[in-house]
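No hydrogens, no waters, no symmetry mates; every other heavy atom, side chains included, goes into these values. Just so we're on the same page: letters track the sequence lines, and every chain starts at 1.
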Number of protein chains: 2
Amino acid sequence: MSVTLADVARRAGVSPATASRALGGRPHVAPATRMRVRRAADELNFVVSPEASRLAGGARGRVGVVVPHLAQWSCGAALEGLEPVLRGAGVDLLLYGVGDPAARTAFFADLPARRRVDALVVLGTALDEQERARLELMAVPVVAAAGRGGQPGVRVDEHAAARHAVDHLLHLGHRRIGAVAAAGPPDGVLEAFAAAHRDALHDAGLAHDAGLLVRVGRGAPGAAEGAGRLLGLREPPTAVVASSDEVALGVVRTLGRARLRVPDDVSVVGLGDHPLAEAADLTTVCRPAREQGAEAGRMVLEALAGGAVPTVVLPSRLVVRGSTAPPGRTT
Amino acid sequence: MSVTLADVARRAGVSPATASRALGGRPHVAPATRMRVRRAADELNFVVSPEASRLAGGARGRVGVVVPHLAQWSCGAALEGLEPVLRGAGVDLLLYGVGDPAARTAFFADLPARRRVDALVVLGTALDEQERARLELMAVPVVAAAGRGGQPGVRVDEHAAARHAVDHLLHLGHRRIGAVAAAGPPDGVLEAFAAAHRDALHDAGLAHDAGLLVRVGRGAPGAAEGAGRLLGLREPPTAVVASSDEVALGVVRTLGRARLRVPDDVSVVGLGDHPLAEAADLTTVCRPAREQGAEAGRMVLEALAGGAVPTVVLPSRLVVRGSTAPPGRTT
DNA sequence: TTGAAAGCGCTAACAT
DNA sequence: ATGTTAGCGCTTTCAA
């Protein structure tokens, strides 16, 4: 049926063991022999069977990626960073979506990854105690990426990111700065956002005003509601920071409907540097999603090589675009 | 080390063969025996080794997904549709990113999928002749999804989608309708877009005006340029249809900078129904990405079962939001 | 219905 | 440097 290592060995006039060594790039093979085997393999169009190889104790190299929301750009971007690193090292990437709660339960219950993967990357979601315990049971390295922290892996400092945003507005001269925190991200992230907003205003010596932080539901309706609540304040803010670019765009739209111009009347800052933020000319704070993925990939490789998984916090970076400006003349 | 089938068999007091049959759901096992084996497996926390299983001629069930731009929401969405279908059927999903040209070349050159996967899904990209030939060589079913057509699989009718958009504008009373086609999607898609624009205007009895279709580069700069060119026309359009939602948002922004209101002064329609389109209140045409993924998944399953891969064209659907309105009083 | 035996294709010791 | 010998953990004939 398909070409086997034995075929290649025969054609090259060596034993299967030597052929295996030669092809696998392992030592103790004469250069000439290696060449010969390589050529034979080429001619036969041979590719090792990963099953057989693994079964026989060879190639490690399969990592599972657990992702909640594939459609979310940040997950995709992280994957895009992760994939080449892993592939470059010859390890395969198995995808496990756990967006659906049922699927999530099933994943951790079936522990389907057991024996299927040599390591796991958990992308953009926090694991609860039970889930962590299940993973522990698998006895493979687990790298968290883009999560809220708490597990070894890579993430960004959410508090710092949000502060970049608020500080930018303060720096522009704004004194009434609203914040819209929309549900969606893991709790820890939202908390960091709220805290950063509070801290920044406090550090600027501004009186605390609980009304400036509004917590809303996810999606477009949430963003609209948030903007509406802020606008309805006795003294509406001259600038708004949103917990994500998605929310920020919703805020911009709601402002527009209220005949308020961005940034002339109100400045808006997002969080994340969504690909569309550039098109929408939205000032935002870049959370390097790709980089997080790539870093996670490197961590996996190290872990596979026997190392421990460290914790790395990547910096975020303010990206100033056209949705922010100094406060206008009137309020 | 890890629990093997033999362990389970011993504990259940049967032979490995019977245990295998019982666990694998194959016939010729007494119900009572099957139960006993199942329980033993449970108690031992046993999971079959996929390598060994496959090697021994068991479970097929591993499909590769080839994706160019993971970070693009439509790819993510398609994956999100694809994954549960496949997982539900017990097949694993291997991810192969081919966004980077080098990676793409490497993928098709190494033919790494050979023997690694039992089927392939090609997401959102068109294969050239050579690539197709390489895949052919693998002798596994290939399902194209969200491509430009040409290969069996699932896609949407791009021409119809674009026409929905233009027809909507015509229906609102617009007579000068510009189109911004930004580079990015496979050629065929862009062609369909251009043709639909032309055809719709023609069918509406409007004189042909080549200036109304502008082709620009990708990204925010492209969108801005496109809007600018349209605005610079002797007789600027009262409505614009963009080749994607991303571009549409860029157009909206550029319009805003030119102090033109959407939809009061100019209507804008996007294409794709990007998740952010709702937040941005953008009228668009929904290309059901998730559905395409799910459909592709079903096709793979059928193909794995020995069926042929059909070609399915999914309908697109106009989603009217706040970025379109009848033409204003003045131009 | 069940068991025994023979590999699947490869790699890792242990020779040579 | 190369060959020989045993499996890896499972499924599948074939026999009982």
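Rounded to an integer number of Å, the gap from CZ of B:Phe46 to P of D:dG9 is 10 Å. If you measure from atom CG of A:Leu44 to atom P of C:dG9, you get 14 Å, rounded to the nearest angstrom. Rounded to a whole Å, the NE2 atom of B:His28 is 11 Å from the P atom of C:dT2. One atom, CG of B:Leu5, and another, P of D:dT12, lie 12 Å apart when rounded to the nearest Å. In this entry the distance linking CE of B:Met35 with P of C:dT1 reads 16 Å, nearest Å. If you measure from atom CG of A:Leu23 to atom C1' of C:dC10, you get 11 Å, rounded to the nearest angstrom. For B:Glu51 and D:dC8, the CD to C1' distance is 10 Å, given to the nearest whole Å.
Residues forming a salt bridge (Lys or Arg N to Asp or Glu O under 4.0 Å) with A:Arg36 (at least two apart in sequence, or on another chain): none.
Here the nucleotide nearest the side chain of B:Leu55, chosen from C:dT11, C:dT2, C:dG9, is C:dG9. Candidate nucleotides D:dG9, D:dT11, C:dC10 were compared by shortest atom distance to the side chain of A:Thr4, and C:dC10 ranks first. Residue A:Val29 has its side chain nearest to D:dT2 when only C:dA12, D:dT2, C:dG7 are considered. Comparing D:dC10, C:dT11, C:dT2 by their closest approach to the side chain of B:Ala30 singles out C:dT2. Comparing D:dG3, D:dC10, D:dT11 by their closest approach to the side chain of B:Arg26 singles out D:dT11. Here the nucleotide nearest the side chain of A:Ala56, chosen from D:dT2, D:dT11, C:dG9, is C:dG9. For A:Ser53, the side-chain atoms get nearest to C:dC10 when compared with the rest of D:dC10, C:dC10, D:dT2.
Contact of A:Arg21 with D:dG3 (side chain to base): a donor-acceptor pair of N or O atoms is detected under 3.5 Å.
Between the side chains of A:Arg148 and A:Thr125, no donor-acceptor pair of N or O atoms lies under 3.5 Å.
Summarising the geometry, atom CG belonging to A:Leu95 is positioned 8.5 Å from atom CZ belonging to B:Arg87; distances are rounded to the nearest 0.5 Å. The line from CH2 of B:Trp73 to CG of B:Leu79 is 12.5 Å long, rounded to the nearest 0.5 Å.
Across all strands, A:Ala17 comes closer than 4.0 Å to base atoms (heavy-atom distances).
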Name each donor-acceptor pair under 3.5 Å that joins a side chain in residues 8-18 of chain B to protein atoms two or more places apart or in another chain, with its distance.
residue	atom	partner	partner atom	Å
B:Arg10	NH1	B:Asp7	OD1	3.3
B:Arg11	NH1	B:Glu43	OE1	2.1
B:Ser15	OG	B:Ala17	N	3.4
B:Ser15	OG	B:Thr18	N	3.3
B:Ser15	OG	B:Thr18	OG1	3.3

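The shortest distance between the side-chain N/O atoms of A:Ser49 and the OP1/OP2 oxygens of C:dG9 is not below 4.0 Å. Note on B:Ser15: every side-chain N or O is 4.0 Å or more away from OP1 and OP2 of C:dT2.
Mapping B:Val14 and A:Pro16 onto DNA chain C by nearest heavy atom places B:Val14 closer to the 5' end of the strand. Sequence order on DNA chain C of the closest nucleotides to B:Arg36 and B:Ala52 puts B:Arg36 first from the 5' end.
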